[in-house]
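Notes follow once the structure below has been shown.
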There are 2 protein chains.
Amino acid sequence: MFGPHRWHGKFRGCGCRLTLPRETVLNILNRTDKHLSVDEVFAVVNRSYPGIGIATIYRTLDLLSRMGLVSKFEFGDGKSRYELAESKKGHHHHLVCNGCGRIIDYSDFINKEVKFVSELEKELAEKHKFKINSHQIHFYGICKECTNK
Amino acid sequence: MFGPHRWHGKFRGCGCRLTLPRETVLNILNRTDKHLSVDEVFAVVNRSYPGIGIATIYRTLDLLSRMGLVSKFEFGDGKSRYELAESKKGHHHHLVCNGCGRIIDYSDFINKEVKFVSELEKELAEKHKFKINSHQIHFYGICKECTNK
DNA sequence: CTCCTTTTGATAATCTTTATCATTCTGATA
DNA sequence: TATCAGAATGATAAAGATTATCAAAAGGAG
C-alpha cells in the first residue's frame, strides 16, 4: 500500500534517482506521525548516516515536495514542516494552537469535508481556470492544555 | 463600519497605545487589497514617515496580529504576509499558484463555505476542546496564466 | 512637573534557507 | 569492463527574514 514500492515508481521517468539520502528521508517520514522540520529530519538521518549533510536534506525535502510525495506546511513558527503526502494518517487537516504551537491532526468529519472540498475545487477550478493540486485547511486557536492554564 | 473608530476601541483596555506608527500601518492595510510583506509595508510607511524604522513595522504587525486586527499568512515564498482581518474584501480564502506564486483571493461560494466551516468549527471545538479563533483555507495549483505557458 | 511604563530606532545577533562549486556517484553505452 | 555525461552530494559561503538588545523618547496617571 505505502512504502518503497510506491516511491520507486514515482522516481522512474522523472529523471531523478532514488538515492540513499532520499530513501532515508522517505523512510523517516513514513515512520513518524509528526510534522518534522528540516533540522529534525536531519537529526534522525544523522544518527544512521552521519555522512549525509543538511544541504542534502533541504534539497531532498524540496524535491519530494515538488514531486508531490511530501506535503510542506508553514504553521507560523518560522520553519517549514513536512509530512508524507499519502501517509498512514490518511487525509487530515490541522488545529494550530496559538498558545503553545502544538499541532493537532484531525480527521473527524473528514468524509463530509472531502465531499465539500471536492465540490468547491471543481467550482473554483472552473470559475478561475485554476488547476488545483492540493489544499490545506488550518484552524487557529487555543488548545485544551493552554486553556487550563 | 471599518477604520479608526474600530481600532481605538480595541486598543483601549489592552494596555497598548494606538501610536502614529501603528495607526499608519493600519491605514495602509486598510487601503490596499494585497497581501503585504513587512518590507512592502515598510516601503509605504517610509514615504510618509521616513523616521519610522523597520523594527517597528515588525513589532507592529506582530502586535496587530496577536490582537486579532490583522491576519498573518505564509504562502511559501519565505516571507510573512499580512492583511486586515476585517477588510473591505470581506471574508475570503486563497488560491496559491505553484508556478508564479500569484495569490488569488476568492469569495465565491463563500456563504456555503461559511456555513460549512462554522458547523465544522463547532464540532471540532467540542470534540478536541479546542477554542477556535480563526481559520485559513488555501488551494494550491497552477493559475490560468501559467497554464498558458 | 515627576514617575513609571510603553514604545521606538538603530543595530547586532540569530536562524532558516539558498547558492556555489568541486567532488563523487550512477547509469547508459560502447 | 571502461568511458562519459548528467545527476547528486557535502561543505561552506551568502542571502534573507526575523528577533533581541538597549539606550533614548514619548505618553499617561497622579
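Here is how names work: the chains are called A, B, and so on, in the same order as the sequence lines, proteins then strands, and each is numbered from 1. Only heavy atoms go into these numbers, but all of them, side chains included; no hydrogens, no water, no symmetry mates. Given the structure is predicted, the values throughout are model-derived calculations rather than measurements.
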Task: Per-nucleotide protein contact string for nucleotides 10-27 of chain D (B base, S sugar-phosphate only, - none; heavy atom under 4.0 Å) - done: BBB----SBB-B-----B
Tell me, please, which residues at least two apart from [X] pass ring pair (Phe, Tyr, Trp, His ring centres under 6.0 Å).
| X | answer |
| --- | --- |
| A/H128 | none |
| A/H91 | A/H93, A/H135 |
| A/Y58 | none |

Using the salt bridge (charged side-chain N to carboxylate O under 4.0 Å, His left out) criterion, which residues pair with [X]? Sequence neighbours excluded.
| X | answer |
| --- | --- |
| B/K129 | none |
| A/E74 | none |
| A/K34 | none |
| B/E113 | none |

TODO: Estimate the overall bend of the helix from C/dC1-D/dG30 to C/dA30-D/dT1 from the end axes over five pairs each, rounded to 10 degrees.
DONE: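 Inter-axis angle at the ends, rounded: 30°.
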Open item on the list: Run the side chain to side chain donor-acceptor pair (under 3.5 Å) test against A/K144 and tell me which residues pass, sequence neighbours left out.
Closed with: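 Side chain to side chain donor-acceptor pair (under 3.5 Å) check on A/K144 returns nothing, list empty.
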Task: Salt bridge A/K89-A/D105, side-chain N to carboxylate O under 4.0 Å - done: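 Counted as a salt bridge, because a side-chain N and a carboxylate O are separated by less than 4.0 Å.
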- [ ] Sequence neighbours left out, what pairs pass side chain to side chain donor-acceptor pair (under 3.5 Å) with at least one residue falling in residues 63-73 of chain A?
- [x]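 Listed once each, the pairs are A/D62-A/R66.
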- [ ] At the 4.0 Å heavy-atom cut-off to chain B, mark where contacts on DNA chain C begin and end, going 5' to 3'.
- [x]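 Range of nucleotides touched by chain B: C/dT5 to C/dT11.
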